[in-house]
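The structure appears below as structure tokens.
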Amino acid sequence: MTDAAIHLEHLTVSYGDTTVVHDVSFDVAEGESFALVGESGSGKSTILKAISGLAPEWTGTISVEGKARGHSPDRAFAETCQMVFQDPYGSLHPRKTVDTCLAEPLAIHGIGGRDSRVKDMLAAVGLDQRFRFRFPHQLSGGQRQRVAIARALMLEPRVLLLDEPTSALDVSVQAEILNLLKKLRREQGLTYLMVTHNLPVVSFLCDRLAVMRHGRVVEIAGVDALKSGQLSQPYSRELYAASGGTLQSA
Amino acid sequence: MSTPLLEIDGLTVTFPTARGPVDVVKGISFTLGRERLGIVGESGSGKSMTGRSILRLIRKPGKVTARRMTFDGVDLLSLSERQMRDLRGARISMVMQDPKFSLNPVMTVGEQIAEALVTHKKLPRRELKERVLAMLEAVRINDPSRVAGLYPHEVSGGMGQRIMIAMMLIPEPDLLIADEPTSALDVSVQAQVLDIIDDLVTGKGMGLILISHDLNLVSRYCDRILVMNSGEIVEQCKASDLHNAQHPYTRGLIAAMPRMNEDRDELPVLDRSTWTTGAGT
């Protein structure tokens, strides 16, 4: 499976003596949007961390865009794969302006034309140029999440890892960010691996999903199965009922 | 229900800022019987401030004013701080958002729940213990005697929130204010916790104010809904009539939510200019 954007095989991740992800294998195709769902502690965020290099204690195979990932920090890897975190209040440096924050990855990787790249990126994520020299505390939650997405896209990666990108936001702002993610993926042909516990969000943004529990993948299904409520495993159905009941009353 | 449990008329909460006082709640009025009322709105809409001002929990320099604020015939505005303390917990209690921050980390769960009861009613120790264990069982905690001996860091989030609920309900209050009781919890646990609140509230005939940003959740668990936006109530309706909501803000909120069976290519985004009068950002 060399054509897969993300290829995981027998991935096992531990923190010290505790193993949190057990023998997980799946592929995410180029340009696909794949969701990992499950309750807290099911290991879904840990998979993203292992891929991005934040959880270095893993065994198995991780390869992104055909290149195997090593256990040490990898500069070239950063150019193909970036991560967006859950909480825009925590993920931006409070004493760096939007401009500094966006230009930093370019400086690290020695890429020129920073001024125009920052300008273009702000426009791409729907932020006005006047926000360029503001600090994170001068922005709203939705604007911050736009900056966080812009930062992740500065190196023009092919793959984005999204860790609950909208769960800290209000419904109306969530809609804006989801639209933005959908637009960016369409325009740039990005691959998404998204962690969420919100099944309706999966239905809106993703093509396939993996349901996780206790560090194992319980079920991998297409989004159509989710839409029509035809998930096969009992746990997936339970999860579906817990959030599906919400929808029936709408 | 001839007289309502809670009557609020012209409630305003004001905070001073560098640019002069700002009203975060702008003269809202509502009444509550022994029913389940949901208050919905986005961050900054003043919904939590409304909940807190009923218990007079707004700290200085915040200021609460109202033409009338009565609870079961008692005028909340004229009570002394001491009388207010007797009322809090015993007759009106509040479940906060995050059990991690609202439980005392250095007391066992059992001690904390007992404390909530003893503060308002002196009881012999044996009876106290029985009441605590019965309450833990009522919030569907298996093996209550083991859990009573645990510290908050030893329990999960969902269990912590159930412990909070046990603590708030053990003095048998008449009104429970639940401020985002489940937003820190997993979807699968959310439903359990709300079912417990629902059972206990309807079983004891209490009043409930459920404050949340989640329209669907509120419409599932409440009889009546108030929708708040920038400190004002923009819409009041029965939960079952939510889909017929009139106000553009409410309609926008409903539309902006992704559905399980999503076929829209783009989610409609709130156009705030349609109802605000240019104030704020």
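Labels below follow one simple rule: chain letters A, B, ... track the order of the sequence lines, proteins then strands, and each chain is numbered from 1. These numbers come from a predicted model, not from an experiment.
Taking a 6.0 Å sphere around CG of A:Asp128, one finds it holds more than 12 heavy atoms contributed by other residues, nucleotides or ligands. The number of heavy atoms from other shown groups lying within 6.0 Å of CZ (A:Arg95) does not exceed 12. Surrounding NZ of A:Lys183 are more than 12 heavy atoms belonging to other residues, nucleotides or ligands, all under 6.0 Å away.
Panel note: side chain A:Ser203, backbone B:Glu262; a donor-acceptor pair is recorded below 3.5 Å. The backbone N or O of B:Glu42 lies less than 3.5 Å from no partner atom in the side chain of A:Asp170, so there is not a single donor-acceptor pair. A:Asn179 places no side-chain N or O within 3.5 Å of a backbone atom of B:Glu266 that could act as its donor or acceptor partner.
With sequence neighbours excluded, no residue satisfies ring pair (Phe, Tyr, Trp, His ring centres under 6.0 Å) with A:Tyr235. Partners of B:Asp143 by salt bridge (charged side-chain N to carboxylate O under 4.0 Å, His left out), not counting sequence neighbours, listed by chain and number: B:Arg146. Listed by chain and residue number, B:Asp265 satisfy the salt bridge (charged side-chain N to carboxylate O under 4.0 Å, His left out) test with A:Arg186 (two or more places apart in sequence, or in another chain).
Distance check, rounded to the nearest 0.5 Å: CG of A:Leu205 to CG of B:Leu267 gives 9.5 Å. Atom CZ of A:Phe204 sits about 11.0 Å away from atom CZ of B:Arg259, to the nearest 0.5 Å. One finds the OG atom of A:Ser172 at 9.5 Å from the CG atom of B:Asn229 (value rounded to the nearest 0.5 Å).
Using a 4.5 Å cut-off between non-hydrogen atoms, the part of residues 215-233 of chain A that approaches chain B consists of A:Leu226, A:Lys227.
Proximity of A:Leu178 to B:Pro258: side-chain heavy atoms (C-beta onward) are separated by under 4.5 Å at one or more points.
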Next item on the list: Check the pair A:Tyr240 / B:Met260 against side-chain contact (heavy atoms from CB on, under 4.5 Å), numbers first and verdict last.
Entry: CA-CA 9 Å; A:Tyr240 178 80; B:Met260 190 69 90; 3.5 Å; yes

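Residue A:Gln174 touches chain B through its side chain alone, counting heavy-atom pairs closer than 4.5 Å.
Across B:Pro268 and A:Ala175, no two heavy atoms sit closer than the pair O-CB, 4.1 Å.
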